[in-house]
Amino acid sequence: MTKTVAIVAALDTKAAEAQFVGEIVRRRGHRTLMIDVGVLADPSIQPDIPSDEVARAGGSDLATLRGGQGKAQAMAVMTEGAARIVAQMFKARQFDGLIGMGGTAGTTIASSAARALPLGVPKLIVSTIASGDTRPFVGTKDITMMYSVVDIAGLNRISTKILTNAACAIVGMVEGEARVLEGEAQAVASRPVIAASMFGNTTPCVDRARAILDARGYEVLVFHATGTGGMTMESLIADGYVDGVLDVTTTEWADELCGGVFSAGPHRLEAAADAGVPQVVAPGCLDMVNFWAPDSVPAAYAQRKLFNWNPSVTLMRTNVEENARLGRVLAEKVSKSRGAVSVLLPLRGVSQLDSAGNVFWWPEADAALFDAIRRYVRPDIPVIDVDVNINDPLFADRAAATLLSMIENQAKARLARP
């Protein structure tokens with residue numbers, strides 16, 4: 001089946017590279033849709049979507065941008081315009097996958113366009129900065145980043161190899177996307193979805209709960225609570241992909257509060273509440289804040305209880321005061337829920353390390369956390385004490401059963417409505 005690949009590039013400076021990629025895509029039997037995001041000069045090849053159209057979509061016009069409003073203004077306009085154009089064209093089914101290329105400016109614009117596309121749509125960016133921190137460009141979307149090795153400034157023995165790989169990769173993606181709807185994948189895609197949060201310190205809990213939910217016909221998406229994982233989970237819930245949430249690893253709030261490296265930002269724990277999606281919430285791993293190697297721990301925390309989880313990650317035990325604040329945050333977030341929600345408290349520890357005799361075992365800190373949750377949570381929300389550690393099988397069984405009950409009760413309530 002013939003597919004169409006959108007190519008996003010500044011054709012005033014990257015025309016040769018964009019044309020090179022386009023020719024490979026067409027030789028593989030597919031169509032191309034060339035979107036020009038260049039501002040400095042007229043393109044040397046004819047685009048399908050000219051840059052003045054992109055500029056208008058971004059709220060300005062090309063003549064104004066070239067007239068000296070400044071590079072920052074031009075970047076902002078083209079970034080916004082590219083995202084709008086791409087979203088509109090994809091909604092109209094005018095292409096099936098997207099490839100972009102560039103340095104910092106080109107990556108910014110192309111990644112904005114890619115982030116405007118739904119999950120699962122093939123998206124690849126060849127970038128000079130793909131070997132560094134790509135979080136500002138990828139965000140919570142499934143964007144594939146390919147390091148260009150050399151600058152994208154002409155065709156040479158290195159760039160042609162990289163661009164050939166990139167072109168073949170996006171072709172493989174759009175061809176594979178058509179096939180993935182067949183056979184077993186189609187059956188999996190029809191199952192209702194539960195999102196679950198997990199950390200190394202809550203893996204036994206989530207693994208057991210996942211097996212229970214899977215046996216009941218649910219597809220469980222597990223998100224590693226490393227900041228981006230929590231943000232991605234929140235994004236998918238907000239976008240309507242999720243039927244229930246097993247949020248038993250809310251540790252990212254500890255990093256948000258204490259300046260750790262795995263913060264998911266101040267809106268963590270809001271999506272399910274806003275959407276009315278049934279959720280079970282637990283204070284999993286709120287006993288720990290994450291830093292990188294030991295020398296990355298701020299000096300202010302030098303005297304705190306630290307544990308080297310591995311050579312790259314250092315954990316800091318949260319104290320009584322921090323736990324009280326975290327309990328209030330969790331309670332206030334879930335209290336805004338428009339749907340069914342229950343809070344489960346593992347009274348014998350919120351992580352593997354927070355268990356009797358282990359390095360983070362601190363009953364007074366846990367008590368401050370639990371007391372704050374009970375004090376500030378909305379009175380009609382069940383707070384269920386489970387007198388085991390979070391990784392005890394009993395806790396996983398109770399969490400899964402509670403979530404299943406809420407999902408089923410909500411489904412019955414919908415059917416009963418006139």
Side-chain angles (χ1 to χ4, degrees), residues 2-67 69 71-118 120-127 137 141 143-146 152 155 163 166-167 169-171 173-174 177:
T2 301
K3 296 288 186 175
T4 300
V5 174
I7 301 174
V8 179
L11 299 184
D12 51 0
T13 58
K14 314 297 181 193
E17 295 87 343
Q19 189 172 37
F20 181 85
V21 168
E23 288 174 353
I24 294 174
V25 172
R26 290 188 290 272
R27 285 203 301 268
R28 293 287 297 270
H30 301 290
R31 298 180 293 266
T32 58
L33 178 71
M34 199 74 69
I35 301 174
D36 183 14
V37 295
V39 172
L40 300 177
D42 292 334
S44 57
I45 61 173
Q46 184 63 39
D48 298 290
I49 306 297
S51 56
D52 58 349
E53 187 173 336
V54 177
R56 285 195 300 273
S60 185
D61 60 81
L62 199 58
T64 301
L65 297 180
R66 288 180 178 176
Q69 283 194 359
K71 184 175 181 179
Q73 174 66 14
M75 276 285 299
V77 169
M78 300 306 282
T79 298
E80 179 67 22
R84 289 181 178 176
I85 288 281
V86 161
Q88 291 167 2
M89 297 189 76
F90 182 77
K91 188 175 182 180
R93 300 186 177 182
Q94 292 181 267
F95 67 91
D96 304 283
L98 179 146
I99 183 170
M101 62 195 73
T104 54
T107 302
T108 299
I109 296 171
S111 64
S112 176
R115 291 194 303 274
L117 296 173
V121 178
K123 18 183 137 45
L124 185 152
I125 299 173
V126 184
S127 172
F137 308 102
K141 290 302 181 78
I143 299 172
T144 299
M145 300 285 285
M146 181 179 289
I152 302 174
L155 299 175
L163 292 172
I170 194 65
V171 166
M173 290 180 189
V174 295
E177 200 229 355

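Quick caveat, the model's predicted, so the values are computed rather than measured. We count residues from 1, following the sequence as given. Atoms considered below: every heavy atom in the structure, side chains included; atoms not considered: hydrogens, waters and symmetry mates.
The two residues Lys141 and Ala116 have their closest heavy-atom pair at NZ-C, 4.5 Å. Across all non-hydrogen atoms, the minimal contact from Arg115 to Phe137 is NH1-O, 2.7 Å. Taking all atoms of both residues into account, the shortest heavy-atom contact from Ser51 to Leu62 is OG-CD2, 3.3 Å. Between Pro118 and Lys123 the shortest heavy-atom distance is O-NZ, 3.0 Å. Summarising the geometry of Pro47 relative to Pro43, their closest heavy-atom pair is CD-CG, 4.0 Å, with the distance given to 0.1 Å. Residue Ala114 comes nearest to Ile125 through the heavy atom pair CB-CD1, 4.4 Å, listed as atom of the first residue, atom of the second, then distance.
Rounding to the nearest 0.5 Å places CE of Met75 at 5.0 Å from CD1 of Ile109. Between the CD atom in Gln19 and the CD1 atom in Ile45 there is a gap of 5.0 Å [rounded to 0.5 Å].
Inter-residue side-chain proximity for Phe95 and Val86 is flagged as met; some heavy-atom pair is nearer than 4.5 Å. Here the side chains of Val8 and Leu98 are in contact, with some heavy-atom distance below 4.5 Å. In this structure, Ile24 and Leu163 have side chains that are not in contact, with every pair of non-hydrogen atoms separated by 4.5 Å or more. Put simply, the side chain of Thr64 does not reach to within 4.5 Å of the side chain of Gln73, judged on heavy atoms.
Partner of Arg66 under the salt bridge (charged side-chain N to carboxylate O under 4.0 Å, His left out) criterion, out of Asp42, Asp12, Asp61: Asp42 alone. A side chain to side chain contact (heavy atoms under 4.5 Å, CB included) with Thr144 is found for one member of Leu124, Ile99, Ile170 and no other, namely Leu124.
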Please tabulate, one pair per line, all N/O donor-acceptor pairs under 3.5 Å involving side-chain atoms of residues 29-38, not counting sequence neighbours.
{"from": "His30", "atom 1": "ND1", "to": "Lys3", "atom 2": "N", "distance (Å)": "2.9"}
{"from": "His30", "atom 1": "NE2", "to": "Glu175", "atom 2": "OE2", "distance (Å)": "2.8"}
{"from": "Arg31", "atom 1": "NE", "to": "Thr4", "atom 2": "OG1", "distance (Å)": "3.0"}
{"from": "Arg31", "atom 1": "NH2", "to": "Thr4", "atom 2": "OG1", "distance (Å)": "3.3"}
{"from": "Thr32", "atom 1": "OG1", "to": "Arg26", "atom 2": "NH1", "distance (Å)": "2.7"}
{"from": "Asp36", "atom 1": "OD1", "to": "Leu11", "atom 2": "N", "distance (Å)": "2.9"}
{"from": "Asp36", "atom 1": "OD1", "to": "Gly38", "atom 2": "N", "distance (Å)": "2.9"}

message = Please evaluate residues Ile49 and Met89 with respect to the criterion side chain to side chain contact (heavy atoms under 4.5 Å, CB included), reporting the C-alpha separation (whole Å), side-chain torsions for both, the decisive distance (0.1 Å), and the verdict.
response = CA-CA 11 Å; Ile49 306 297; Met89 297 189 76; 3.8 Å; yes

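Put simply, the side chain of Ser112 gets close to the backbone of Thr79: a donor and an acceptor are under 3.5 Å apart.
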